[in-house]
Amino acid sequence: MPSHTRGLTLDLDAALKGIVMFGWLEAEGLSGEPLGEAFTAERDASIRELMRRSMGRSAADLPGVAETRGMFHRLGVDPTKTRPSSEALLRRVPELDLVMGPQHANRLDTLLARVETGQQVVATDEQHILEDITTARRDSKVCAWVNVIYGCNERCTYCVVPSVRGKEQSRLPEAIRLEMEGLAAQGFKEITLLGQNIDAYGRDLPGITPEGRRQHTLTDLLQAVHDVEGIERIRFATSHPRYFTERLIDACADLEKVCEHFHIPFQSGDDAVLKAMARGYTVDRYRRIIERIRERMPDAAISADVIVAFPGETDAQYRRTLELVEEIGFDQVNTAAYSPRPNTPAADWPDQLPEDVKVDRLQELNTLVERKARERSARYAGRIEQILVEGTNPKDPEQVMGRTRTNRLTRSPTTRLRQTTQLAIHLLLQTTYVHAQLLQHRTNQTVLLNNQGLQQMQRTQNPMLTLLR
Ligand code: SF4
């Protein structure tokens, strides 16, 4: 490990969304928290906002460079990720040793070796992702994230991702499966497959089936990894309504390990706004997707993202978003008022809405979202849920935290759990306390399930129920 402080720039979006970089860095023994608490707390913050907040005073005059602590002296952002600008950045910031894009993560040791010889190094060329880049960060010993596709080929007019993450690059299913087998061997029980636009998985991979469809799709991937022994739950995010197919919904319903939770951003309830956003679907298409999901999986949880006060959004258009939220009844919605991002088309449009309109619309929407979430939560009252325990509640050692298959966070008493050292345990618990986004179990009638019990329960649709009554 080198003793001097290094300068390093990373594609911050990769760090935020995929956590690929830092997982990989950790795997290389280069552990640390380059952004400290800001990193985890601000995982979903916009790149610009995070830069603004983490900008050190000495770096204040250097747009694109954020000062941080730890081994990596500076963690910067190169929004354009082009070689000339990276080189220009090195010239402007002589303390920086290395500027790299996420696609070069698996070469970090080589790049650092060059740095050791005193060179300033730029590694931002486009190139196909090689394996081993993809070790995602694991924040728990039970649940892991596995990146399956990088980049995005969409051109949503508000989004900076395509310009910073580049074109879609899918990993091969064999490599993904291999990684999942390795995780299962380490004791992980739940895998979330990740991609900016995960439904686009495989469209950059070659191969057409005899029926004339692409050989590699998310549906095929789920089928290919479903029987990895030891993995008991599979999730995926983030879905795009444009590519969310009926075949995918049917596979989710048929594949036992795929959990009944779908995060499908709709962004607006108005077709004209969706068109201006270049989202590529209509509100009716979105509706049909949700209807089909609920037909096949009536208890499925649906979460989404929505933006209000997009440039030019009229009051009537905004009201259609409210109507859609009312109609669908989401379990959770991430809401945001439109905020212009540099280098995106909508940022330059003249019909930006004033701040007070943004604030009013967001507040009204949030109130509605909260009410609908409570209504959805009511269905859990008194129900018996299967929970995968992820760890102890940091605020109360007498409680364990876990999630239902529908991704609902739960807190439960440790009563009998302390008798075991195994973390990944399935509990069947009767819900006694329902919050908008949290279920609390106060019963002492905890039933621990081993794998055999779990399989039996899945086969017979809840044989443990009588034990709890
Ligand atoms: Fe951005 Fe649209 Fe791609 Fe999502 S689908 S990452 S919003 S461009």
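Remember, it's a predicted structure, so these values are computed and weren't measured experimentally. Read the numbers this way: they start at 1 and go in the same order the structure lists the ligands and their atoms.
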Quick one: nearest non-hydrogen protein atom to [atom], plus distance?
atom: atom 1 (Fe) of ligand 1; answer: Cys159 SG, 2.3 Å
atom: atom 2 (Fe) of ligand 1; answer: Cys156 SG, 2.3 Å
atom: atom 7 (S) of ligand 1; answer: Tyr158 OH, 3.5 Å

So if I count the atoms of ligand 1 from 1 in the order they appear, which ones are less than 4.0 Å from some heavy atom of Pro162?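 Close to Pro162: 8 (S).
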Any idea which atoms of ligand 1 are less than 4.0 Å away from a heavy-atom of His240?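 Ligand 1 atoms under the 4.0 Å threshold to His240: 5 (S).
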For Gln267, is the nearest heavy atom under 4.0 Å from an atom of ligand 1?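 No heavy atom of Gln267 comes that close to ligand 1.
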Please state whether the separation between atom 1 (Fe) of ligand 1 and some N/O/S atom of Cys152 is under 2.8 Å?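 Coordinating: no.
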If you round to the nearest 0.5 Å, how far is CE of Met297 from CD of Glu260?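 Separation between the atoms: 7.0 Å.
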Mind checking whether Tyr286 and Phe330 have parallel, tilted or perpendicular rings, split at 30° and 60°?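 Tilted: the ring planes of Tyr286 and Phe330 meet at 30° to 60°.
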Do Glu364 and Tyr318 have side-chain N/O donor and acceptor atoms under 3.5 Å apart?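 Per modelled atom types, Glu364 and Tyr318 side chains form a pair under 3.5 Å.
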Is the closest side-chain donor-acceptor distance between Ser170 and Asp204 under 3.5 Å?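 Present: a donor and an acceptor within the cut-off.
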Kindly say whether Val228 contributes a backbone atom to a donor-acceptor pair with the side chain of Lys257 at under 3.5 angstrom?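 Judged by distance alone, yes, a pair lies under 3.5 Å.
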Any donor-acceptor N/O pair, Arg214 side chain to His216 backbone, under 3.5 Å: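 Pair found, side chain donor or acceptor close to backbone of His216.
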